[in-house]
Amino acid sequence: MKTNMSRRLLLAAAAIMAAPACVSAQEQEIVDHAAGVLDSGAEWAAAVPSDWNGVLLLWSHGYNPTLRAAEYAPSSVADALLAKGYALAGSSYASGGWALEDAVPDQAATIDAFSEKFSAPETVIGWGMSMGGLVTTALAEDEESGLDGGLSLCSSMGGAVGMMNMALDGAYAFKILVAPQSDIHLVDVDDDLENLRRVQAVLASARETREGRARVALAAVLAGLPGWTDAKSPKPADDDIWAQEEQMAHALPMGVFLPRTDQEKRAGGVFSWNDSVDYAAQLDRTGRREFIEALYAEAGLELESDLKRLNEGERITAQAEHVQYMLDNYTPTAAPRVPLLAVQRVGDGMTSPALQGVYADAAQANSGEDMVKSLWIDAPGHCNFTPDELLISIAMIAERIQTGAWPEPDEKTFTDYQPMPMQRPCFRGGACEGLPE
């Protein structure tokens, strides 16, 4: 890690906190652009302003089923960051899809390529959204990565194994209770998009009755989905149980059933399991049993009968070698080597807020309270941050690196929030219930 970080980092952080998100072309400084190809075949791209402050922001993009061109920052904030003196860089990764195996070394190699083209940065801050946030988390846990700090946004930082086990719990409940005779695939998924269409058709039919809607809500709760997910809808009242179910149903197909095809192909087969899960106990651990009981009561259903059906249903087993691939690519240790800021919207229906919550709790126990900060924005949606939210978050991690202490969160941006507990956390080298041997 570098030790010659200058006072310019703190000044840049302060400037960006005060700066508007939009920067006109007249206000932008002259920018030097560069691009190239890494040894892996991945493309990289970078931009450096003439008044570079010595800080490189290493952008890790999110999941995309196909290979995409290299990008060095989201377009919504790239100009504002350059105008404040930050250099920007990022790679395409050598492959598309669940590319953690390629992304982590490619991003580290991008730092080297940047340094060779320009000069070695004084400070490197990794940042990324969704799968890119998990890439950033992996880099933050690797003491050889070159990062001095990281910003993990709306991310699957709870790890691939735990995330997809939680998704399997929801998918399993949905199929067993709503459409047991359907051709919905839980694992060994032939085609994600085709499977998604099957799920959407079953979901639409199930939600025509209150019985179906109550069962959809149970599946969503077991999958860790929050009760507010649609960016176009107001937040449901705490006692409006059917409005919360509607929000969960909005997110369920994509938030529970994707992206499994590519992951299983990379892992070599099935890597998720539920053969040891007690679903009655699982519901209790969510903290949302009362919510589900209310829905079931109004629908005229017997909750314990459905939980019994889940516990007696045909379970899914996984092969140890397939699980090991997903542990390696990537399930965190929850022991970051550098400061890590995690930011998420409370109504994220694509990446359960439970993932950020469980990582922050485990990392604080492993690495100390000063190493990880978990912050929440009181809004719905996946990775749909405003430019100002991104700029404020970058300024926070920059200040933490420079001063060694976390600044007070902006009260207008962040809110107090306790996400639903993650029922089956899994960390590499740590707790992972039912791990195949």
Side-chain angles (χ1 to χ4, degrees), residues 1-17 46 52-61 72-74 77 81 84-91 103-104 107-108 110-112 114-115 120-129 132-155 157 330 332-344 356 359-360 362-364 366-375 385 389-410 413-414:
M1 293 300 157
K2 309 165 190 69
T3 58
N4 62 335
M5 291 181 290
S6 74
R7 184 168 173 270
R8 288 181 296 173
L9 176 59
L10 183 57
L11 294 175
I16 204 169
M17 289 283 281
W52 182 28
N53 60 20
V55 181
L56 172 64
L57 299 180
L58 181 70
W59 168 250
S60 296
H61 71 72
Y72 49 70
V77 290
L81 292 169
K84 295 305 172 184
Y86 288 99
L88 310 175
S91 77
V104 174
Q107 289 296 86
T110 297
I111 300 174
D112 294 336
F114 176 94
S115 299
E122 296 176 5
T123 304
V124 180
I125 300 175
W127 66 309
M129 295 185 193
L134 180 57
V135 174
T136 299
T137 302
L139 292 166
E141 293 187 346
D142 180 2
E143 56 190 1
E144 302 297 327
S145 69
L147 258 61
D148 296 296
L151 172 60
S152 185
L153 296 152
C154 54
S155 91
M157 66 191 306
Y330 184 75
T333 61
R337 307 297 183 179
V338 297
L340 185 61
L341 174 62
V343 178
Q344 189 169 17
Q356 176 171 311
Y359 184 92
Q364 287 174 1
N366 293 336
S367 301
E369 293 185 2
D370 290 337
M371 194 61 76
V372 177
K373 175 72 76 173
S374 177
L375 295 177
F385 299 103
E389 288 166 353
L390 295 176
L391 297 173
I392 289 169
S393 298
I394 289 171
M396 280 197 68
I397 185 61
E399 184 173 341
R400 167 62 179 84
I401 294 169
Q402 175 64 22
T403 66
W406 290 105
E408 286 297 317
D410 178 40
T413 302
F414 303 111

* Contacts of Ser60 that satisfy side-chain hydrogen bond (donor to acceptor under 3.5 Å, both in side chains) - sequence neighbours left out -> Gln107
* **Min side-chain heavy-atom separation Ile125-Leu147 under 4.5 Å** => no
* **Partners passing side-chain hydrogen bond (donor to acceptor under 3.5 Å, both in side chains) against Glu141 (at least two apart in sequence or in another chain)** => Tyr330, Thr333, Tyr359
* Would a distance-only check, ignoring hydrogens and angles, find a side-chain to backbone donor-acceptor pair under 3.5 Å from Trp406 to Asp370? -> yes
* Asked: Looking only at heavy atoms, what is the nearest atom pair of Ser145 and Leu139, with distance?
  -> OG-O, 2.8 Å
* Flag side-chain contact, heavy atom, 4.5 Å: Leu58 against Trp127 -> no
* Structure fact -> Shortest non-hydrogen pair, Ser367 vs Ala335, comes out as OG-CA, 3.4 Å
* Asked: Residues two or more places apart in sequence or in another chain: which of them pass ring-ring contact (aromatic ring centres under 6.0 Å, His included) with Phe114?
  -> Trp52, Phe118
* **Closest non-hydrogen atom pair between Gln356 and Ala342, with its separation** => NE2-O, 3.4 Å
* Can you tell if the side chain of Phe414 reaches within under 4.5 Å of the side chain of Met396, non-hydrogen atoms only? -> yes
* Quick one: are Thr136 and Met157 in side-chain contact, heavy atoms under 4.5 Å? -> no
* **Closest non-hydrogen atom pair between Pro121 and Leu56, with its separation** => CB-CB, 3.8 Å
* **Min side-chain heavy-atom separation Leu375-Lys373 under 4.5 Å** => yes
* Would you mind telling me which of Leu153, Val77, Leu391 makes a side chain to side chain contact (heavy atoms under 4.5 Å, CB included) with Phe385? => Leu153
* Mind checking what makes side-chain hydrogen bond (donor to acceptor under 3.5 Å, both in side chains) contact with Thr413, not counting sequence neighbours? -> Asp410
* Asked: Tell me, do Pro332 and Leu134 make a side-chain contact under 4.5 Å, heavy atoms counted?
  -> yes
* Would you check if Trp59 and Leu88 make a side-chain contact, meaning some heavy-atom pair closer than 4.5 Å? => no
* Rounded to the nearest 0.5 Å, how far apart are CG of Leu81 and CG of Leu390? -> 8.5 Å
